[in-house]
Structures are given as C-alpha cells and as structure tokens.
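First up is the structure itself, then whatever we jot down about it.
Each ligand, and each atom within it, is numbered from 1 in the order the structure gives. FYI, side chains are in, hydrogens and waters are out, and symmetry mates aren't considered; it's all heavy atoms of this structure. For this chain, numbers begin at 1 and follow the sequence in order. Note that the structure is a prediction, hence the values are computed from the model and not measured.
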Amino acid sequence: FAFLFNVSAQFDANYDESKVPEFKLPDPLKTFNGQKIRNYKKWESKRRPELLNFFTENMFGEVPGDLEIASVDILEESNNALNGKAVRKQVDLVFKNRGKTLDFTILIYLPKTEERVPLFVGYNFYGNHTITEDVEVIISEAWANNNPSFGIINNQLTEQSRGVRTNRWCVDKIIEAGFGLAVIYYGEVDPDKDDFSDGIHPLLYIDDQQQPAADEWGAIGAWSWGLSRAMDYFEQDEAIDESRVVVFGHSRLGKTALWAGASDERFAGVISNESGCGGAALSKRRFGETLWRINNRFPHWFCKNFRNYRKNEEALPVDQHELIALIAPRPVYIASAEEDRWSDPKGEFLGALYATPVYELYGKKGIEQTEMPAVNYPIQNTVAYHIRTGEHDVTEFDWEQYIKWASEFIK
Ligand code: GTR
C-alpha cells in the first residue's frame, strides 16, 4: 500500500516552479524530420499539415465523415431584444444520419444595423438561458451536469438557472461595441460525460460501432465540430459577416475554441480563456493539471491515442504552443487568472510566447517579451495575452479586453 501511495503522490498536482521538470520544447519551425522552416509558404505546405495531422490523430481525433445541416429552423426571432438594442434569433440546426437526429440551438444577438456584423461565438456550460435575464430564451432539454445551486438536480435545466451566468457574458457591452454574440449549449452537441452512445458521435458510426476508434473524435472534437457547423450557418445568414467570426471559449470550452480555430480556418480569430491543460498550457511543464489527471478524470474529452502520453509527456513530439501556432496568422488571445493555478498561467503564457515565431513568418506581432506581464496589464498584438487577478472564471475585465482587442484586430 505504501508503494501505491507513493506512485499516486508522485503524480499529484505540482504547484512548485522549482519542481517543473527539465524539458525540451519542439521547435514549431522544424519539421519532424529536422527540416528548418524559413518562410510561411513552407510552413503552410510542410509543417502546418504535419502538425495538424498529429493533433488530429493523437489528441482531438478525426471527425469520421461529413455531416451537413439537414435543416435550419428559426425557432424565434425579435427586432426588439435587450430593451430594443438588439435583434435576437434562436436558430435550430438539425442533423440526420443512420436514422438518428441531432439538433442544437444557436442563440444570436446582433446589434441593430444595416451592415453585416462581426460576431463572437462560443459555448456555454449550463444552457443559453443562463447567459442573460432575457425571458424569451428557450431552455434546452438536453442532458446537463447536476448543479443544485443552479437548480439542476435531475440532469435537466430549469427556469431557476435563467440568467445565472450573465456575469460570464457581457452581452450589452458586446452589442454596444458593434459585435454580435452567438452562443450554444455544449450539452446539445455532446453531453459532457464518458458515454459515446449520445450526442453527435452515433450519427457517424459505421455498422455496429459503439464508440470512436482510437484516432477518432472525443467530446472536444465533437464540440469543435459543432462550432464549424454554426459557422456553416453564419455563412448563410445575411446579417452576419462570416469573415469576422471570433470563436471564444472558457476552460474545457477554451480548449475547444483553440481546436476549432486550428482545424477550421474560416474562424477569423480565437479567444481561449483559462484553457489550461490540453488548451494553451504547455503539457511538458506538468504544472497543475497534467495529462494523467485530465485523461483519467475526463476520459471522453480527447481521442484514445492521447492516453499514450499520460505520465509520458517527454514522448510528445509536439506541445500546445504548436496548437496555438496552427491558428497563425489569425489573431489569437490567450488569457489566464492569477489564482487559477490548476490551469498553469505561466504555461499558458509560454504557449502564446512560443507560438510567436510562426506569426513572425507572416510579419505579425506576437508576444515579444519573455517575462510574463504584470497582473491586469494585457499585451495586445496579433497574439494577445493577459493574466488578471481572481479565480477560474470569465469576468467583465476579460470581456473588456477581448472587445478592445477584437475591435482592433478583427473589425
Ligand atoms: C476542470 C478540468 C479543467 C477545466 C475545467 C473547466 O475540472 O480539470 O481541465 O477544463 O474543469 O472546464 O472548468
């Protein structure tokens, strides 16, 4: 028993910078067989594809087929939302395959203007009705994680949780700045549990397949797929400028935003708020959450191949700075919170810093200082980064920075 105890103690979360193991970070500008990449053409023809393949097959998993929107149903629409300031639409995207149907609803607020508007799109954790007090927002019937403080007890969302997450979505500020906001309840695309019989996965199984193969999509891959289908819809919506859509996400959904932006180049920018392990934070630092912890606690998030790197980070031929680099030259914002050590703020900063050489191939400005900035002092270039005071959350401070940055780099 002492032996077992020691083994698990060895893999407890480390919060001591002096215990971060020595590691060699792969060079984003050197191919797996050692060829140096000197310009963006070679990056695009050689290096980017091999990195994208690696992340696809070994981390997020392949989407095993094409599935187009079968129908778009406008469930509700109003020109008089948010006290007359905005247009609201609730748009249901329906998918059908193998006799199965899946649908998810996009809640969209747009500023009132004749022009096509840029947009933030992101998932929420507890339903579209949580992001605003707006009584017209439809409550999802999809499975939800229980959370008694939000009145979620039988895995069902209820009226009690209306508006409980307004603090995480500054809808008014976004609209006033001339951006639209589109949100989706992530549980409608794939319920966040280790069960591959529900959500989108079964629509793309072959024959009697019960779960994804080792290189096929986990939940993050599925959520990311959903964002791309939302983008398919934005391309059809005359009020939205599909060339200026920024994908946003917090935490596990910040990991999702990075993968959506990396795997779908139609997204004009990415904001990854406190995405931590498997997101913007370098895995090889093993600080806070590790690959062992994340794959054991959330076995459904990544593809099964990713388990090969549990307690084995040194074997990874990539790290998360290269996931961020896949977004280049498009703007990307990585953000941390001082007290959110589980997400490893320094590892997130280094992810942004070491993605910078790829941005520089395009003449874009990334992170130019090697030291972390002071708390609450954002660095806003094509690659942006901030660490703010406080805990794991999305705050008004965060949105103020995102709006300011997007107004300069996206609008
Ligand atoms: C934690 C998980 C993190 C992060 C977070 C969240 O339990 O360990 O990787 O994703 O959840 O999504 O809030």
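Which parts of ligand 1 touch Arg297 is read off a 4.0 Å heavy-atom cut-off, strictly below it: atoms 7 (O), 8 (O).
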Requested in this report: Dump the intermediate steps for ring pair (Phe, Tyr, Trp, His ring centres under 6.0 Å) on Phe248 and Phe120, then the final yes or no.
Outcome: CA-CA 7 Å; Phe248 161 84; Phe120 296 104; 7.7 Å; no
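Only the side chain of Ile294 comes within 4.0 Å of ligand 1, judged by heavy-atom distances. Counting heavy atoms closer than 4.0 Å to ligand 1, residue Lys255 contributes side-chain atoms (C-beta onward) but none from N, CA, C or O.
Counting only heavy atoms of the protein, atom 9 (O) of ligand 1 lies nearest to Glu289 OE1, 2.5 Å. The single protein non-hydrogen atom nearest to atom 11 (O) of ligand 1 is Arg252 NH2, 2.9 Å, given as residue, atom name and distance. Nearest protein heavy-atom neighbour of atom 4 (C) of ligand 1: Ser251 OG, 3.0 Å.
Aromatic ring pairs are classed by plane angle as parallel below 30°, tilted from 30° to 60° and perpendicular above 60°; the pair Phe302 and Phe60 is tilted.
Other residues, nucleotides and ligands contribute at most 12 non-hydrogen atoms within 6.0 Å of the NZ atom of Lys42.
Residue His250 has no nitrogen or oxygen atom sitting less than 3.5 Å from a nitrogen or oxygen atom of ligand 1, judged on distance alone.
In this structure, Arg388 fails the cation-pi test against Phe397, since its NZ or CZ atom is not both closer than 6.0 Å to the six-membered ring centre and inside 45 degrees of the ring normal.
The shortest heavy-atom distance from His392 to ligand 1 is under 4.0 Å.
Residues Asp198 and Lys193 are paired through a salt bridge, judged by an N-O separation under 4.0 Å between the basic side chain and the carboxylate.
Looking only at distances, no side-chain donor or acceptor of Asn58 sits under 3.5 Å from a matching main-chain atom of Asn305.
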